[in-house]
Q: 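Let me give you the structure first, and then I'll get to my questions.
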Amino acid sequence: MKGSRHPNACKQHRTHHAVALLGLTLLGFTLLFRVTLGGETLVPGDVLLLMPPWKHHASDQFPNFRAPPHAPLLDPIQQHYPWRKLYAESLRGGELPLWCPYMFCGHPFVGNGQSALFYPPNLLFTIMDVKRAFGWCALIHLLIAGFGMYAFLSLFRLHPLSCFVGGAVFMTCGFFMAWLCYITFVCAGCWLPWALFFFEKSTNRHPHAAANALRPGGHSLHIAFQLLGAGLALGLSLLAGHFQVAFYVWLAFGLYALARTSQVWAENRFQQAATGSLLSARLLILALITVTIGLFLAGPQLLPSIELSRLSARANSFDLNRIWAGSLPSAQLVRLIIPNFFGSYADKVSVDDDKMYTHWQPEFEFGFVERTGYVGILPL
């Protein structure tokens, strides 16, 4: 029958997909085995031994501890862990923690964007021990990232092996690996391929699908479902706990939508200019609907955070010159292929001196993680 696919071919194709997704799952477990099934935690608890009151008992209680630790990451232990613990204990007690009584004289917890109070996957912290949940949360979101990229690439009818490579590269990219302890970064960034996947599905990779998107009928219902999925992915990126990373997700989605709109217009302008313009306009409408859905879903977290931001110490301190001064020095572009070219703040010449790093250009020491954008061997 014309256009039909042989049952054996379909079965083989599904088998390839299953094997590829299993491979991504095994890759995630291999990376995070120690903090999921290995009994360790993805929180640098030893950093507490450098702070009062714990540091006064460090030598007695932990004689093997040698200060300073390598690569001290403060936010996960100072912020993310206590916030997730407050979140979990409050929900277990039947209370939604809108207010945190432990910071200053009290603090609006719901307005703290990184509290991620309305982010559904954070319920994981309420059903298992908080310190163990960090590893499982990281694993789940790495798999969300890998599966999402795999699904997105499969829309372009690539071979399952190609989709697997793309998914593996994305879920283990330098950004996710460098910021893995900062769980909100991964939680916000992993939703990008799913937003692109559902948006691309709404266009059906066919220019005339956009023309039917706003018409009643079964096809419109299909389009609505895909737009809801894309909007949900964008909304979850805002709810995940880091607005800056979510902004990058939304920016990438917007650029992709503009690129697809331009493509539809270019494909049709030589045949019928009016049709190309109409299809492009309707595709933009699909993107705007997606963004609107995402904003509505993220509203309960976004609105309190915007209100609280006006009272922040950074609120009226916008300085464009200061922002440009923090831009990436051109010499650091070599780190795209050699991340430790200037040395690493994790490798010390002497453990007795916390400034004896292997850096041979000390001005690059600050922001080592922020300024290292390693591409990776496999993508190269």
Side-chain angles (χ1 to χ4, degrees), residues 32 35-36 41-44 73-103 106-145 148 175-176 178-195 231-250 253 293-309 311-312 314:
L32 297 175
V35 294
T36 52
T41 181
L42 195 63
V43 176
L73 303 173
L74 300 180
D75 289 358
I77 190 62
Q78 290 182 333
Q79 298 178 6
H80 298 160
Y81 178 79
W83 290 342
R84 295 300 177 267
K85 189 171 180 62
L86 172 63
Y87 166 86
E89 291 178 350
S90 298
L91 287 188
R92 289 170 187 164
E95 178 183 358
L96 188 64
L98 303 178
W99 185 261
C100 175
Y102 305 110
M103 296 175 61
H107 191 271
F109 193 59
V110 67
N112 172 6
Q114 294 198 58
S115 64
L117 191 60
F118 302 108
Y119 186 57
N122 278 346
L123 291 174
L124 180 69
F125 290 93
T126 67
I127 62 177
M128 63 188 307
D129 187 48
V130 174
K131 61 179 177 292
R132 296 201 48 157
F134 275 91
W136 285 98
C137 186
L139 173 62
I140 289 172
H141 285 86
L142 284 186
L143 293 182
I144 289 174
F175 175 76
F176 286 155
W179 293 102
L180 199 55
C181 280
Y182 289 71
I183 192 66
T184 55
F185 284 54
V186 183
C187 294
C190 71
W191 296 105
L192 173 60
W194 285 110
L232 178 63
L234 291 179
L236 287 172
S237 71
L238 282 174
L239 293 175
H242 204 281
F243 291 141
Q244 181 180 350
V245 176
F247 168 77
Y248 297 144
V249 170
W250 284 60
F253 175 82
I293 293 173
L295 289 174
F296 269 101
L297 291 175
Q301 180 66 72
L302 194 59
L303 295 177
S305 299
I306 292 175
E307 183 178 2
L308 182 62
S309 68
L311 305 175
S312 169
R314 298 181 181 179

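Owing to the predicted nature of the structure, the values given are computational and were not obtained by experimental measurement.
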Q: Give the minimum heavy-atom separation between N122 and S115, together with the two atoms involved.
A: ND2-O, 4.2 Å
Q: Is there a side-chain contact between L117 and L98 (heavy atoms, below 4.5 Å)?
A: yes
Q: What's the shortest heavy-atom distance between R84 and A116, and which atoms?
A: NH2-CB, 4.0 Å
Q: What are the two closest non-hydrogen atoms of L142 and V186, and how far apart are they?
A: CD2-CG1, 4.1 Å
Q: Would you mind reporting whether I293 and L234 have side-chain heavy atoms less than 4.5 Å apart?
A: no
Q: Rounded to the nearest 0.5 Å, how far apart are CG of L123 and SG of C137?
A: 11.0 Å
Q: Going from CG on L180 to CG on L42, what distance comes out if it is rounded to the nearest 0.5 angstrom?
A: 5.0 Å
Q: Where do F118 and V110 land on the side chain to side chain contact (heavy atoms under 4.5 Å, CB included) test, with the steps shown first?
A: CA-CA 9 Å; F118 302 108; V110 67; 3.6 Å; yes
Q: Hey, mind stepping through C100 and N112 against side chain to side chain contact (heavy atoms under 4.5 Å, CB included) and telling me if it holds?
A: CA-CA 10 Å; C100 175; N112 172 6; over 6 Å; no
Q: Could you check if a side-chain atom of E89 sits within less than 4.5 angstrom of a side-chain atom of V130, using non-hydrogen atoms only?
A: no
Q: What do you reckon, is CD of Q78 surrounded by more than 12 foreign heavy atoms closer than 6.0 Å?
A: yes
Q: Under the criterion ring-ring contact (aromatic ring centres under 6.0 Å, His included), which of F134, Y119, F176 is the partner of H141?
A: Y119
Q: Measuring from L295:CG to W250:CH2, what's the distance to the nearest 0.5 Å?
A: 4.0 Å
Q: Apply side chain to side chain contact (heavy atoms under 4.5 Å, CB included) to L139 and L143, showing your working.
A: CA-CA 6 Å; L139 173 62; L143 293 182; 4.2 Å; yes
Q: Donor-acceptor pair, T41 side chain versus R132 backbone, under 3.5 Å?
A: no
Q: Once ring-ring contact (aromatic ring centres under 6.0 Å, His included) is applied, do any residues pair with F185, and if so which ones, sequence neighbours excluded?
A: W179, Y182, H242
Q: For the residue pair A195 and A233, what are the closest heavy atoms and their distance?
A: N-CB, 3.6 Å
Q: For S90 and P97, work out which heavy atoms get closest and say how close.
A: OG-CB, 3.6 Å
Q: Do you know the tightest heavy-atom contact between A298 and G235?
A: CB-O, 3.9 Å
Q: Drop me the distance from C187's SG to L239's CG, to the nearest 0.5 angstrom.
A: 11.5 Å
Q: Between atom OH of Y87 and atom NE2 of H80, what is the distance when rounded to the nearest 0.5 Å?
A: 15.0 Å
Q: Looking at CH2 of W83 and OH of Y102, how far apart are the two atoms once the value is rounded to the nearest 0.5 Å?
A: 15.5 Å
Q: Determine, step by step, whether L96 and L91 satisfy the side chain to side chain contact (heavy atoms under 4.5 Å, CB included) criterion, reporting the C-alpha distance in whole Å, the side-chain angles of both residues, the deciding distance to 0.1 Å, and the verdict.
A: CA-CA 6 Å; L96 188 64; L91 287 188; 4.0 Å; yes
